[in-house]
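Report on the following structure.
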Amino acid sequence: MLGQLVRRGLRYSRCVYAVHTRTIKVDSSTKLGFPCAYTDEETRKILNTLNEQDVEELYKYNISKYRLKKIEGWRKKFGTFLSLEQVLELDGFGVTVLRKFYDSIVHGPKEDAVVAPKAIKKDVKFTTPLLSAQMVPKINSCVSLYVGLDYVTWAHFKLAKEQPTALAGWNSYNISDRKLHINELIRNVSQINRLIPEADVYVVENPPVAQASAMGSAVQTNINVQRSQLIGMLMLMLANRPSPFTDNSANHPTDGTVSSNVFFLKQYLSARLFGIFIGNERVSSEEVIRSIMERQLAPNEEVLESIQSRLIIPSGLKIIYEENDSAEREFLGQSLLLGLTFLRLCIFKCEDSLKIFRR
């Protein structure tokens, strides 16, 4: 009986010692090459800074943006750093780099380092060419175009000071063949140009760059080439339209940017802004478009700083959307989101939209 009690006691003891807790190690580690280099108080200060300060605030210390991204990723995945040497597990961190970083936390950043966090919030370049700040107040209308495989669609926006933005037009043009001769392309582009309404600026998504194609993908390559040709021809025609920004030298920007009425928006900006980018694929916009038509706001954008950033869609244009088949609705939706993205990021400077691309 006594032997059984002893064995049970041993088993119980093993169960107790099998439980591990994650505790922060205050003592410095020899892995860093400087045992006891920091006092317990300094070590706690370093760990508290690593774990509790916003990543943007860490920029003022002696560390690069690339390495801070690694720290941010660790914190999102594991929560906290438990010891000084744990940071060595991240790519890009060595003993020398880590010592400099820790020293700057212990002794405080240099006086000129306090400007580092402001650099993070600088404007991101969304368009080619850059949209001049001098042009923004003069823009009263915008046409955004989405060029797909079978359709070219466009959305026409009217802007008014201290008023919600109005969708003034919404239309599409069907391209019957994905393998058109250059002469047929010119004819189609000329027809599209006649249909697109006049506006101060025209926006299209930047076409994909040329990439090496796998064997057997010649058809897809031809489609991509035709799409790029179509975009190039169409935007050239629109660029040659009369514009308050191109026909009067007095209106030319003086901040070093190019005077233009045609802008190419970076790829996938609208998909990221409106949450229709899953993995490496753009998914259907229909749910987002219906939400905009019903509530005049997109999901996750309940707070918009500017009255102008709200969109009014007339009932007649809603009917046009509903009467089309699913493919054409998708392209109409993409043109609408493309225009809203340009307006919110480049014209209205909506902070709730801009912060998505400052992360």
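Residue numbers count from 1 along this sequence. It should be emphasised that the depicted structure is a prediction, and the values quoted were computed from it without experimental measurement. In what follows, every heavy atom counts, from backbone to side chain, and hydrogens, waters and symmetry copies are set aside.
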Residues Tyr38 and Asp103: side-chain donor-acceptor under 3.5 angstrom | yes

What distance do Thr39 atom OG1 and Lys45 atom NZ have between them, rounded to the nearest 0.5 Å?
-> 10.0 Å

With a 4.5 Å limit on heavy-atom distance, are the side chains of Phe157 and Leu311 in contact?
-> yes

Any side-chain heavy atom of Val152 sitting closer than 4.5 Å to one from Phe331?
-> no

For the pair Glu205 and Phe264, evaluate side-chain contact (heavy atoms from CB on, under 4.5 Å) and give the outcome as yes or no after the intermediate values.
-> CA-CA 5 Å; Glu205 189 173 58; Phe264 293 85; over 6 Å; no

Does any non-hydrogen side-chain atom of Leu90 lie less than 4.5 Å from one of Trp74?
-> yes

Does any N or O in the side chain of Arg75 come within less than 3.5 Å of the main-chain N or O of Leu50, such that one atom is a donor and the other an acceptor?
-> yes

What are the two closest heavy atoms between Ser284 and Glu330, and how far apart are they?
-> OG-OE1, 3.0 Å

Applying side-chain hydrogen bond (donor to acceptor under 3.5 Å, both in side chains), run through Thr153 and Gln334 and close with a yes or a no.
-> CA-CA 8 Å; Thr153 57; Gln334 293 293 352; over 6 Å; no

Would you check, one step at a time, whether the test side-chain contact (heavy atoms from CB on, under 4.5 Å) holds for Glu42 with Tyr102?
-> CA-CA 9 Å; Glu42 289 172 339; Tyr102 287 168; over 6 Å; no

Would you say the side chain of Ile182 lies within less than 4.5 Å of the side chain of Leu185, judging by non-hydrogen atoms?
-> yes

What distance separates Tyr61 OH from His107 NE2, expressed to the nearest 0.5 Å?
-> 12.5 Å

Which ILVMFWY residues are connected to Ile319, directly or by a chain of links, through side-chain heavy atoms under 4.5 Å apart?
-> none

Nearest 0.5 Å, what's the CZ-SG distance between Arg310 and Cys350?
-> 10.0 Å

What ring pair (Phe, Tyr, Trp, His ring centres under 6.0 Å) pairs are there with at least one residue in residues 163-198, not counting sequence neighbours?
-> Trp170-Tyr321

Rounding to 0.5 Å, atoms CZ (Phe274) and CD1 (Ile356) come to a distance of 9.0 Å

Phe126/Phe357 aromatic ring centres below 6.0 Å | yes

Is any side-chain heavy atom of Val204 less than 4.5 Å from a side-chain heavy atom of Phe263?
-> no

What pairs meet the side-chain hydrogen bond (donor to acceptor under 3.5 Å, both in side chains) rule with one or both residues in residues 190-200, with sequence neighbours excluded?
-> Gln191-Arg194, Asn193-Arg241

Is Leu84 reachable from Phe78 through a run of hydrophobic residues whose side-chain heavy atoms are each under 4.5 Å from the next?
-> yes

Name all pairs fulfilling the salt bridge (Lys or Arg N to Asp or Glu O under 4.0 Å) condition that reach into residues 148-163, sequence neighbours left out, sorted by first residue then second.
-> Asp150-Arg178

Would you say Val201 and Phe342 make side-chain contact, with heavy atoms under 4.5 Å?
-> yes

For Leu317 against Gly169, the heavy-atom pair lying closest together | CD1-N, 3.9 Å

So CG of Leu269 and CD of Gln267: to nearest 0.5 Å the spacing works out to 9.5 Å

Going by the side-chain contact (heavy atoms from CB on, under 4.5 Å) test, name the single residue among Thr127, Leu354, Leu340 that passes it with Leu345.
-> Leu354

Do Leu131 and Val136 have side-chain heavy atoms sitting under 4.5 Å apart?
-> yes

Donor-acceptor pairs under 3.5 angstrom involving side-chain atoms of residues 225-238: please list them, not counting sequence neighbours.
from: Gln226; atom 1: OE1; to: Lys179; atom 2: N; distance (Å): 3.4
from: Gln226; atom 1: OE1; to: Leu180; atom 2: N; distance (Å): 2.7
from: Gln226; atom 1: NE2; to: Asp177; atom 2: O; distance (Å): 3.2
from: Arg227; atom 1: NE; to: Val147; atom 2: O; distance (Å): 2.5
from: Arg227; atom 1: NH2; to: Val147; atom 2: O; distance (Å): 2.9
from: Ser228; atom 1: OG; to: Asn224; atom 2: O; distance (Å): 3.1

Are Tyr146 and Ile320 in one and the same hydrophobic cluster, where Ile, Leu, Val, Met, Phe, Trp and Tyr link if side-chain heavy atoms are under 4.5 Å apart?
-> no

Go through the structure and list residues passing side chain to side chain contact (heavy atoms under 4.5 Å, CB included) with Glu328, not counting sequence neighbours.
-> Tyr151, Ser172, Asn324, Asp325, Leu332

Under 4.5 Å between side-chain heavy atoms, hopping through other hydrophobics if needed: is there a path connecting Leu336 to Tyr202?
-> no

Over all heavy atoms of both residues, which pair between Glu322 and Arg329 is shortest? Give the atoms and the distance, please.
-> O-NH1, 4.0 Å

Minimum-distance pair of heavy atoms, taken over all atoms of Met135 and Ser260 = CE-O, 3.2 Å

Given the rule in the side-chain contact (heavy atoms from CB on, under 4.5 Å) test, do Trp154 and Ser144 qualify, once you have shown the distances and angles that lead to the verdict?
-> CA-CA 5 Å; Trp154 56 89; Ser144 56; over 6 Å; no

What are the two closest heavy atoms between Leu159 and Ile347, and how far apart are they?
-> CD2-CG2, 4.0 Å

Closest non-hydrogen atom pair between Ser141 and His156, with its separation | CB-NE2, 4.1 Å

For the residue pair Leu337 and Ile292, establish whether any side-chain heavy-atom pair is separated by less than 4.5 Å.
-> yes

Is there a salt bridge (charged side-chain N to carboxylate O under 4.0 Å, His left out) between Arg290 and Glu286 once you walk through the steps?
-> CA-CA 6 Å; Arg290 292 190 184 281; Glu286 188 162 344; 2.8 Å; yes

Is the backbone N or O of Lys125 less than 3.5 Å from a side-chain atom of Lys266, with the two atoms forming a donor-acceptor pair by type?
-> yes

Carboxylate-amine/guanidinium contact Lys76 Glu72, below 4.0 Å = yes

May I have the step-by-step check of side-chain contact (heavy atoms from CB on, under 4.5 Å) for Ser104 and Lys60, ending in yes or no?
-> CA-CA 9 Å; Ser104 67; Lys60 61 189 176 184; over 6 Å; no

